[in-house]
Every structure is written in structure tokens, then in C-alpha cells.
Protein chains: 4
Amino acid sequence: MTTDPTPRLRADARRNRDRIINTARTVFTERGTEVPMEEIAREAGVGVGTLYRRFPDRDSLIREVAVESFERLIADIREITEHQSDAWQTITELLDRATDLRTVARLTVLSPRAREILAADPTFDTAHNEFMRTLDGLIKRAQADGTMRSDVSTGDLGVIIAMLLQGVQVLPDPVRDMMPGRYIGLLLDGLRAGSTSELPGRAVRAEEVIFRHPEPEE
Amino acid sequence: MTTDPTPRLRADARRNRDRIINTARTVFTERGTEVPMEEIAREAGVGVGTLYRRFPDRDSLIREVAVESFERLIADIREITEHQSDAWQTITELLDRATDLRTVARLTVLSPRAREILAADPTFDTAHNEFMRTLDGLIKRAQADGTMRSDVSTGDLGVIIAMLLQGVQVLPDPVRDMMPGRYIGLLLDGLRAGSTSELPGRAVRAEEVIFRHPEPEE
Amino acid sequence: MTTDPTPRLRADARRNRDRIINTARTVFTERGTEVPMEEIAREAGVGVGTLYRRFPDRDSLIREVAVESFERLIADIREITEHQSDAWQTITELLDRATDLRTVARLTVLSPRAREILAADPTFDTAHNEFMRTLDGLIKRAQADGTMRSDVSTGDLGVIIAMLLQGVQVLPDPVRDMMPGRYIGLLLDGLRAGSTSELPGRAVRAEEVIFRHPEPEE
Amino acid sequence: MTTDPTPRLRADARRNRDRIINTARTVFTERGTEVPMEEIAREAGVGVGTLYRRFPDRDSLIREVAVESFERLIADIREITEHQSDAWQTITELLDRATDLRTVARLTVLSPRAREILAADPTFDTAHNEFMRTLDGLIKRAQADGTMRSDVSTGDLGVIIAMLLQGVQVLPDPVRDMMPGRYIGLLLDGLRAGSTSELPGRAVRAEEVIFRHPEPEE
DNA sequence: TATGAATGAGGTTTCATTCAT
DNA sequence: AATGAATGAAACCTCATTCAT
């Protein structure tokens, strides 16, 4: 499923690679993509040299973290779907477990730089498209069920998720951790079917928000 | 109203100062507070030296832009209030004219650096407190009118505004400008009185979100 | 003996560090502490980055050079003392071999900036106190021997040494190297026991001249 | 006597010029020749523009201060000579009133930059030569009187004066003001006729120390 | 292979000097 | 003529990336 750029690694090399990716994911999510490479290396417990051996520059690190985060997120959704067949509930649960969602938001919708990198790399399309397809399926089902208002699109949901999660992220520490649920609650109330107001503007297509290799219309 | 840091400037100096502040406001809002000083100077059409003569370092530039943006925003609110007595409508209109609101969001809730600067500077309290008081008044009135749900606070609204506007900000260019209204619509539906769901967590106090010089209880 | 700030360095790093310190010592002694860092790096044959990796700012470079110079000077004194038991002769020889003495003078008595740096750093006290104790011992012995007038103190000698060596330093190149001995000769004549004039003012305490962490009275 | 570069000035212009020169003299003497021009202007109570109108660059300011300081010093000597015919006493008194002497020392022997400027400017020779001639006369007389040892030259005295005064200058504030007399005392003891030691090296010619337009041998 | 040292380009800031008011 | 604003070159320092051990 992945582009699998690292066919076989010695056990210790593998361990280092994992540490770096994990550290980078956390750091990118919490502090953005511009954190010094030296610092990422230090937090991962390796030298910069090792980091650069694995990822020749910052862009390639961002790319790998993004690919992997998409995959994790897709796995999250799968897991939820296993025990939860209601689409609205699935969306709610997904938003509640925001961890990987937040990373993806930061590395796609919320970082112009990351967006550019990913947009330039067609090998990334697979993971991305699968995610979009999945989200799209959920929304359509929730709308068919009559639980979600029908005038919002997958792209809209992408925007909203990104906005909310980013917002939550920068809150001062003490408020931060307890808050996501609250604002997701408000948002869901807005998304719920039966809302009275008519939304201005038009629905956003997913490709407009994330990046621009729209899958050839099947 | 102003802290008036520059009692009297020669006409040309005034012009340059204004250009710098305007450029910085745009640039900070669009691209964040870390844009190179040289670039701000270039876009403002002045030499770096001029920029530094007026604002001895980046922090002081951020500070001035923030103060001024708060003042502009307060003026916006006043203007709306003049022709609009309904609190809910006032909030809606305010959110629709998001320009200065977006700047303020970026420079308070959304930038840890800016937040730190402002928190360290008591001279900033005047503008800040006036804004908070105004927002607070609006919310209380809307809740008293029965148009806004009563389980949200001024701090909550601050968080939401910031989250939304920040999110909107990073959308890809073509989508960006037409979008705010749409998501504000969704949000307002969530905020509207009569919503069914019970919000988790607790209301956030304004000082928790922005910064920490709560006005001495009068 | 050393504060040993660099437990173990790779051979090449060690070589670079030494080059930098040596270059800085020369340059500080000849041209003062404000010589551009780029230039020090260039003369040491390394990039600026290397200089800054080892010494995060100018102050820390000054500090290291100072510590090391004190240590060299103490070693000089030890060496002289090994073959020379007469205190007056020791002082004379010490003044004749002015190299490290001049560096120390420049970095303590003669540079307000360096003095401030060193005064702020208690880890520096060891080297400093040892030097002062040594000098003090010499003077007391010379006075006990009846070779040095008894109305001068260690602090006085510090002032005089600094003044003379600084003066010598700025002489035009061709005159410079042959001169110290001459003026030291004049000075020593003034210091010699049996001088007729009575000195105005009072003896200076060493701490007044150098800096202000007087060793806790034992 | 002066090179008189400013034939006639309006009263206010004259006043500004004087303020600038006085401020610059103090500042150069206390803190060296590299103090920011803006700061000199501020302390003089004029704008930078005014400073630059009068002195087109730093070098020319240094030059003017130097010329004037020489003239003041010569006047000092004259004044002393009026009531004091003993050459040794004259030298002693001169050293005791160190003010202008210190400025001259800083701007000639002690500042490589200033020395270069003055050396490059033949119009400066007049003041300089007169001073040297005067000092030379005093020394010769003191030696003829048998009060000063005969193996020192005018150049030597220049070196010593400069060294001592510079040294005094950089002493920590509390010690500084009360000290010059003390070290001058020591020095004079060394200079006094009857000293036992034989000086190493050779006498320095005045031109070697100050700068290099040796007056055509008359 | 892993490490951390070295490099230098680029961003920040200061200040000598010029120029508009 | 006086002022203080504007300029840009040069110094400081950081960090992405390359390279020696």
C-alpha cells in the first residue's frame, strides 16, 4: 500500500528509522514543520547524520510522516468501522480520537509547505485517495441515513476538521487537552440534519482543500 | 484610545510607519509572524534600516500590529452596533467581516510567540480588555435574548473564532475568499439556542485563551 | 586545574578548538575583544559555524581565552620559580616575559567588557584566585626581603602591570617589541626599596582592580 | 596657530560646533574613538545632521578634537611655566593635571586609528611639533638641572605618560579618580636622577611613538 | 552504519553616512 | 542651518546540509 521506499533494513537501522518517524510526527504535530532538524534528531536519540542518511532532506521526512499518518488514520477508521456500523457515530468517534487526525490536518490542510510537497509527489496519491474515498463514503452514508445535513461535502468536512483541530492545538496548555470534545460537540450540532439555516457559498471539493492531483474521474 | 507611542512624526515618517504597519499586518495575517524582516521592509517599500528605526525588533512590530488590530476590530464592532441592535446579528455580521478578526486571532490565540509578547506587556491591556468586554457584552445579550445557547462562554467563542479563522486562512487560495461565510454558518448553527446535544468539558474563561492580565476586579 | 568544559573531543574538533583559542588569544591581545567573529574564524582557518559551535557567542570565547591565559600565566610563574628563588628577580623575569601577562592584562584590568563577563562567572574564580595568591606571595616576599618598597600592594602591582603592558601594546610596530624591558626597568626603579618620595593615595586592593568575587576569608 | 578650518560661523553654529567638540573630547577620552556618532550628537544636544555638517566623517571629528587637545595641552604647559620655573616641578605638575594629557594620549599614542588619521594629515604637524618641542625643552632642562636621569628621551616620556594615563583610565570607577597621583609618583621615582639600574633597550625618538612626519631636521 | 563536526547561506540587527523636510 | 528620517553595508548568529572519523 505504501510507496515502500525502504525495502529491507537491518534491525537497528529499522529501529532508528522508526524512532525518527515517531519523533517527527509528534514534533510536526505539536510545533509545526519548521522545527530544527538537529532537535528532531536529538529527541529521537540519534545523530543528525543518521537522520539525513534516512531522509535526505526535510521535505522527504515530511513526506514520509505524512504517508504514514494517512495510513494510520485509515487504519483507525477501519477499526472504528469494525464495531460501529452507524456512519454518524463513526464520524463522531473519529473526531473524538483526534490524534492522527490532527497530524494529518497539520500536514495537509494546515501547512502550505507540506501541501506543496505532497502535491508535487504523485506517489503519495494512493494513501491520500484511499483516505478521501473512505471519508466520502462515511459522509454519504450519514446523509443517506438522515443524520447529517445534506448541504455539506467531504471537502467541507476536511476544512472543518482541520480548522478545529488546528485551533485546539494552539490553545494554551492547561486548556488544551480537555477541550477538543467541546468544540467538536458544537460543530456536530451544526452538522446535524435538521439545522435551519441555509449555508452560504458552495460545497468544497476534497481536492480543492488538500491538493491537486484529482484522481482521474473513474 | 491608542497607546500613542509616536507622539508626532514628520509627514514622510508617518507615511512610512503606516506602510510598514499595514504591510506587516497583512503579512503576519497571511503568512504568520516569522516572515523575514527584510521582506516586510521590501514589501513596504522601505529599507530595513527604516523598519528597525521604527520598531527596534520583531517583537515590537508584532506588538504594534496587535494593538492596532484590536483597535480596528473594536471600531468594526462599534460600526456594526450603530445600525444593528440585535446581538445575534451583530455577532454574525462581525464573523462575516472577518478581516481584522483574522489578524487578531493570528496574533493572540493562534501564535504562541505573539501571545507571549502581549502577555508580557501590560500597556497592551487596555485594548485587549476593551475588546473582551465588548465581546462579552454581546454574548450575554444574545443569551439573554434566547438566540445563543447558554452553555458557551466568551472564552469558548474566542477559541472557536480563532480556530475557524485560522483554518480558513490556510485554505488553498482559490477556495479561501469565498469560504468563511460557509463555515461560520455551520458554526452558528451549532451555537444557536435550542441545540440538542449537551457539550462535554466546561466553558473556557477568556483569560485562559488569550493571555493573563485579568483586569483587576473593579 | 582546568574547568574542563570539553570532556572529550574528536581529534579534528580538538585541533580546531585549539586553533580558534590560539587565534583568539592573539587577536584579543593585539587588537582588543571587538574583532569580528568572521575574521577570527578566517584567521583560525575554520568557518564561522565552527567557531559558533564551540563558543556560542563572543562572551564565551572571551571567557575561555581568559581562563586559559590565567592558567598559562600561572604555569609561567611556576616555571620561573623553579630556577629562581629570589622574589624580586622572579617579578622582574615575569615582567620581562610579558606574553601571557599582556593577554591577561587585556582581558582583566584593561577591558571593561571582559571584566564584566568574568565577574559574572564564578567558575572563573579558581584560576583567578590562584593567580592573585601567587602574585601576592611574591610581593610579600620581596617586601620581606627588603627589595621592594613596602607601601605598594598587589592591587597596585596589578594596575601598573596592566598599564604598562597596555601601553607597550599600542606602540607603533617597529618600536614595540624591543621596548617592554625599558619601561619595566623604569618602573622597577620606582618600585625598588629605598625610594625617597611618599606615594599619595592608598594601596589598591586586588579585588578592586580585577573583579569582585573576593574569596571567602578563610 | 590652528589650521583654522572654520573661518567665521554664526553665533549659534559656533555654539553647536563647540558643544560637539567638547562632547567628543570627553567621549573619546573616556570610551575611545568608536562610540556611535548618533550618541555623540545626542550627548552634545544636536542632531546627527548637524554633526555631519560640521565634520563630514568620524575621522575629521577625531582630527579636530586632536588638534584642539594639543593646543589646550600646550596652553596648560604655558600656564604652569608662568609660575613655575623648575623643569622637574613643571613635569610633575603637568602629570598631576592629567585631563588634557589623557585626551592627547588616547588620541595619539593609544589609538591606532587616530594615529593613522593624524599621520596622514600634514596640517596637523604644527600643533604636534610645537608640543613635542615644548616637552623636549622641559626634559632637557630637567636633565641639565640634574633632577631627571639622563638616559631617557622625550619619546620615552611620551610612551610612559601614555601608558600610565591609559591604564588609569580603564580602572574600575571607584578606584579611578583617586589613583593617578599614586602611579605617577612611582613613575617619577623611577625617572628621578640617581637611579641605580641601567635601562635596557635604547631611547625612543618622539616621532617613533606618535607618528611619522618627522620635522625636517632643522 | 552512526556520529557529530564543519560549512556557508541566510536572517537579524546596528550604525555610518546621506538626504528630505 | 538644523533636524531627524532613510539607506544599505557589515556584523552577528542560526541551522540545513555535507563530510570526516
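Side chains are part of it too, since the values below use all heavy atoms of this structure and drop only hydrogens, waters and symmetry mates. Here is how names work: the chains are called A, B, and so on, in the same order as the sequence lines, proteins then strands, and each is numbered from 1.
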What is the separation between atom CZ on C:Arg14 and atom C1' on F:dA20, rounded to the nearest whole Å? 18 Å
Measure from CG on C:Asp12 to P on F:dC19 and round the result to the nearest Å. 15 Å
Residue-phosphate contact under 4.0 Å: [X] side-chain N/O, [N] OP1/OP2:
{"X": "B:Tyr52", "N": "E:dT14", "result": "no"}
{"X": "B:Arg17", "N": "F:dA5", "result": "no"}
{"X": "D:Arg53", "N": "E:dT18", "result": "no"}
{"X": "B:Thr50", "N": "F:dA5", "result": "no"}
{"X": "D:Arg42", "N": "F:dG4", "result": "no"}
{"X": "D:Asn16", "N": "F:dA1", "result": "no"}

Relative to the 5' end of DNA chain E, which residue comes earlier, A:Gly47 or D:Asp59, by the nucleotide with the nearest heavy atom? A:Gly47
Sugar-phosphate only, base, or nothing, as touched by D:Val46 at under 4.0 Å among non-hydrogen atoms: sugar-phosphate
Could you tell me whether a side-chain N or O of B:Arg54 sits under 3.5 Å from a main-chain N or O of B:Asn16, the two making a donor and an acceptor? no
Stems in DNA chain E, runs of 3 or more consecutive Watson-Crick or G-U wobble pairs with both distances under 3.5 Å, sorted by first number, are E:2-21 with F:2-21
Between C:Val48 and D:Gly45, name the one whose nearest nucleotide on DNA chain F is closer to the 5' end. D:Gly45
Would you say C:Asn22 and C:Arg19 are linked by a side-chain donor-acceptor pair, where the criterion is simply a distance under 3.5 Å? no
Between C:Arg31 and C:Glu39, is there a salt bridge with N-O shorter than 4.0 Å? yes
Would you mind checking if C:Arg14 and C:Asp18 are paired as a salt bridge, meaning a charged N to carboxylate O distance below 4.0 Å? yes
Between CD1 of D:Ile21 and OG of D:Ser69, what distance do you get to the nearest 0.5 Å? 8.0 Å
Between F:dA6, E:dT12, E:dA5, which nucleotide gets closest to the side-chain atoms of B:Glu38? E:dT12
Nearest to the side chain of B:Met37, which nucleotide is it out of E:dA5, E:dT12, F:dC13? E:dT12
